[in-house]
Amino acid sequence: MSKYYVNKFLFMVDRDPQLLRRYADNPASLVAAWEQSIGPALLGNEVESSSVHCLTDLERQALVSHDYVALFEMGVHFFLNLTIFIGLYDEPYRDKSGPLSFQHRFASDLKEWAGREYPSVAT
């Protein structure tokens with residue numbers, strides 16, 4: 001697993017409204033495009049790219065299916081994992097169930113980790 005690469009995806013997509021919209025509308029397409037062209041680009045360098053990192057099949061599937069529990073269990077950074085899915089789901093959950101309802105869902109989905117040591121986020 002490349003936690004760095006998954007975290008880079010979460011960080012970059014969450015901070016770019018166009019990428020976030022593409023991720024919401026067609027996650028498989030964005031994950032594929034990101035892995036082929038966006039992710040390998042070195043930050044601040046349009047000329048060079050990296051071929052060092054790639055997503056595993058499990059990482060790719062978790063990103064495509066918005067499986068934040070699987071991402072958490074793989075050890076992606078908790079804050080990056082939470083914030084991107086707040087960006088995707090906060091408004092529809094709020095409209096249906098009130099303020100912070102997605103955050104409550106996120107916590108509920110991870111409740112089995114209460115009292116346990118979280119997966120390492122070390123890269």
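None of these values were measured; they are calculated from a predicted model.
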Side-chain donor-acceptor distances from residues 68-79 under 3.5 Å, at least two apart:
unit_1 : atom_1 : unit_2 : atom_2 : d
Tyr68  : OH     : Asp109 : OD2    : 2.3
Glu73  : OE2    : Trp113 : NE1    : 3.3
His77  : ND1    : Phe79  : N      : 3.1

Heavy-atom nearest pair, Leu88 first then Ala24, reads CD2-CB, 3.5 Å
Notebook entry, point to check: When you measure from the side chain of Ser108 to the backbone N and O of His104, does any donor-acceptor pair fall under 3.5 Å?
Noted result: no
Leu63 with Met12, same ILVMFWY side-chain cluster at under 4.5 Å
yes
Could you tell me whether the side chain of Val31 reaches within less than 4.5 Å of the side chain of Arg60, counting heavy atoms only?
-> yes
By side-chain hydrogen bond (donor to acceptor under 3.5 Å, both in side chains), Arg22 pairs with (sequence neighbours left out) none
What one should report as the nearest heavy-atom pair of Ile84 and Asp14 is CA-OD1, 3.4 Å
Asn81 vs Phe106 side-chain heavy atoms within contact, under 4.5 Å = yes
_Has Ser37 got a side-chain atom pairing as donor or acceptor with Trp34's backbone, closer than 3.5 angstrom?_
no
* Is there a donor-acceptor pair closer than 3.5 Å between any side-chain N or O of Gln103 and the backbone N or O of Ile86? -> no
Exam field: side chain Lys96 to backbone Glu91, donor-acceptor pair closer than 3.5 Å: no
The reported gap from OG in Ser97 to CG in Leu100 (rounded to nearest 0.5 angstrom) is 11.5 Å
Distance col, row Ile38:CD1 vs Leu19:CG, nearest 0.5 angstrom, shows 5.0 Å
For Arg105 and Tyr93 the tightest heavy-atom approach is NH1-OH, 3.3 Å
On a heavy-atom basis, the closest approach of Phe102 and Asp90 is CB-CA, 4.2 Å
Tightest non-hydrogen contact, residues Glu59 and Val6, listed as CD-CG2, 3.6 Å
Ring pair (Phe, Tyr, Trp, His ring centres under 6.0 Å) filter on His66, not counting sequence neighbours, yields Tyr23, Phe85, Tyr89
Output for pair (Lys8 NZ, Leu80 CG), nearest 0.5 Å, gives 13.5 Å
